Amino acid sequence: MTEPPDTIAAPSEDMSAEPTAAAVAPPVGPAYPAPLMPPPARTPGTNRLAVWALVTGILGVVPPLGIVAIVLGARALNQVMERNQAGRRLAITGIVLGCVAVVVWLGVAALSIMNTEAPRDASGNVTQRSSMFVSDLAAGDCFDSGTAEEVDWVTVLPCAQPHDSQVIAVFELPEGPYPGVDALAEDADAGCQQRGAPLVSEDRLEEIEPSYIYPADEDTWDTDRTIQCTVGSVDGEQLTGSVLASTNTRTT
């Protein structure tokens with residue numbers, strides 16, 4: 001009986017087969033930056049809006065042109081950057097001149113409002129509806145005071161037109177320390193009774209109610225101690241015509 005062999009022969013390998021090549025990473029070279037974007041193409045010449053901004057800024061003495069210069073200058077700056085044009089300094093100069101012109105005109109307008117004086121005839125009577133500071137009201141003036149408790153501005157108008165109140169007398173209290181609101185009100189009431197009441201036409205006495213305007217605080221008292229005696233309608237309706245016995249009576 002034949003015995004099995006002690007070892008089992010391994011299958012023979014084909015020595016002629018070539019080994020498989022391993023994957024090899026490509027060599028790492030130096031990194032190159034991405035190409036830069038070319039600068040925007042330059043539009044030849046100076047930006048036209050910048051030129052117009054400068055021109056309108058120079059001519060800003062005419063009120064609307066100052067605002068136009070600011071708008072044109074701002075748009076010109078954007079176009080100068082986008083188109084790579086010349087004119088940046090012109091646009092900035094136009095904006096500055098426009099701002100100066102606007103500030104000057106606002107100041108002039110404010111001064112003109114503060115110095116507003118109502119047109120008057122030879123006798124001093126108001127001839128046209130106007131706005132003025134309440135402290136500028138004169139004896140005989142008719143005015144609308146509005147609804148505010150503390151009125152700085154009033155609308156003065158001819159007394160022939162319906163109005164809220166009328167100044168019948170104006171006087172000044174003597175110098176001295178601020179007396180306080182209560183004492184000041186008493187002095188104003190007594191002074192208006194003495195000076196204003198005799199000036200009112202007798203046939204208008206029943207339809208009017210007396211009042212007065214006096215310095216509101218100590219700071220006002222230091223510069224202005226004027227008392228303005230006024231009258232309004234008893235029933236809250238507007239008055240028509242002057243309540244003074246004589247329209248030429250102007251007590252100060």
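Because the structure is a prediction, the values reported are computed rather than measured.
Of the possible polar contacts, one joining the R225 side chain to the L173 backbone as a donor-acceptor pair under 3.5 Å is found. In this structure, S135 contributes its side chain and F133 its backbone to no donor-acceptor pair below 3.5 Å.
When hydrophobic clusters are built by joining Ile, Leu, Val, Met, Phe, Trp and Tyr residues whose side-chain heavy atoms come closer than 4.5 Å, directly or via intermediates, L157 is not grouped with L239. Note: the hydrophobic cluster containing I70 also contains L106 (ILVMFWY, side chain heavy atoms under 4.5 Å, direct or indirect links). Hydrophobic clustering of Ile, Leu, Val, Met, Phe, Trp and Tyr side chains at less than 4.5 Å, counting indirect connections, keeps V80 apart from L90. Note on V243: it clusters hydrophobically with L205, by side-chain heavy-atom contacts below 4.5 Å among ILVMFWY residues.
Rounding to the nearest 0.5 Å gives a distance of 10.5 Å between CZ of F171 and CD of Q228. The distance from the OG1 atom of T220 to the CG atom of L184 is 10.5 Å, given to the nearest 0.5 Å. Taken from OG in S242 to CD1 in I168, the straight-line distance is 10.0 Å, to the nearest 0.5 Å. To the nearest 0.5 Å, atoms CG (L244) and SG (C142) are separated by 8.0 Å. In this structure, CZ on F143 lies 9.0 Å from CD on Q166, to the nearest 0.5 angstrom. The line from CD of E206 to CD1 of I208 is 10.5 Å long, rounded to the nearest 0.5 Å.
Taking the six-membered ring where the residue is Trp, W221 and Y178 present perpendicular rings, their angle passing 60° and hence far from 30°.
When each of I213, D136, V134, D144 is paired with V154, the side chain to side chain contact (heavy atoms under 4.5 Å, CB included) condition holds for V134 and for no other. Here the rule is side chain to side chain donor-acceptor pair (under 3.5 Å) with N47, and of Q79, R75, R88 only Q79 fits it.
The two residues A188 and I227 come nearest to each other via the heavy atoms CB-CG2, 3.8 Å. Here the closest non-hydrogen pair linking A169 and G196 is CB-CA, 3.9 Å. Scanning both residues, C192 and Y212, for their nearest heavy atoms gives SG-CB, 3.8 Å. When every heavy atom of A91 is checked against every heavy atom of G73, the shortest pair comes out as CB-O, 3.7 Å. In terms of heavy-atom proximity, C159 sits nearest to G140 at SG-O, 3.5 Å. When all heavy atoms of A69 and G94 are compared, the pair lying nearest together is CB-O, 3.6 Å.
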**side-chain hydrogen bond (donor to acceptor under 3.5 Å, both in side chains) between D164 and Q238, intermediate numbers included** = CA-CA 5 Å; D164 295 336; Q238 288 190 310; 3.1 Å; yes
**Request:** For side-chain contact (heavy atoms from CB on, under 4.5 Å), just list the numbers for R204 and V231, CA-CA rounded to whole Å, side-chain angles, deciding distance to a tenth of an Å, and then say yes or no.
**Result:** CA-CA 11 Å; R204 304 293 299 269; V231 293; over 6 Å; no
**Request:** Kindly determine whether Y214 and V181 satisfy side-chain contact (heavy atoms from CB on, under 4.5 Å), including the steps that lead there.
**Result:** CA-CA 9 Å; Y214 58 91; V181 175; 3.8 Å; yes
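With sequence neighbours left out, C99 forms a disulfide bond (SG atoms under 2.5 Å apart) with no residue at all. The side-chain hydrogen bond (donor to acceptor under 3.5 Å, both in side chains) test applied to T226 returns D224, not counting sequence neighbours.
Residues I95 and L77 form a side-chain contact, since some pair of their non-hydrogen atoms from C-beta on lies under 4.5 Å apart.
Heavy atoms of other residues, nucleotides or ligands lying less than 6.0 angstrom from CG of D182 number 12 at most.
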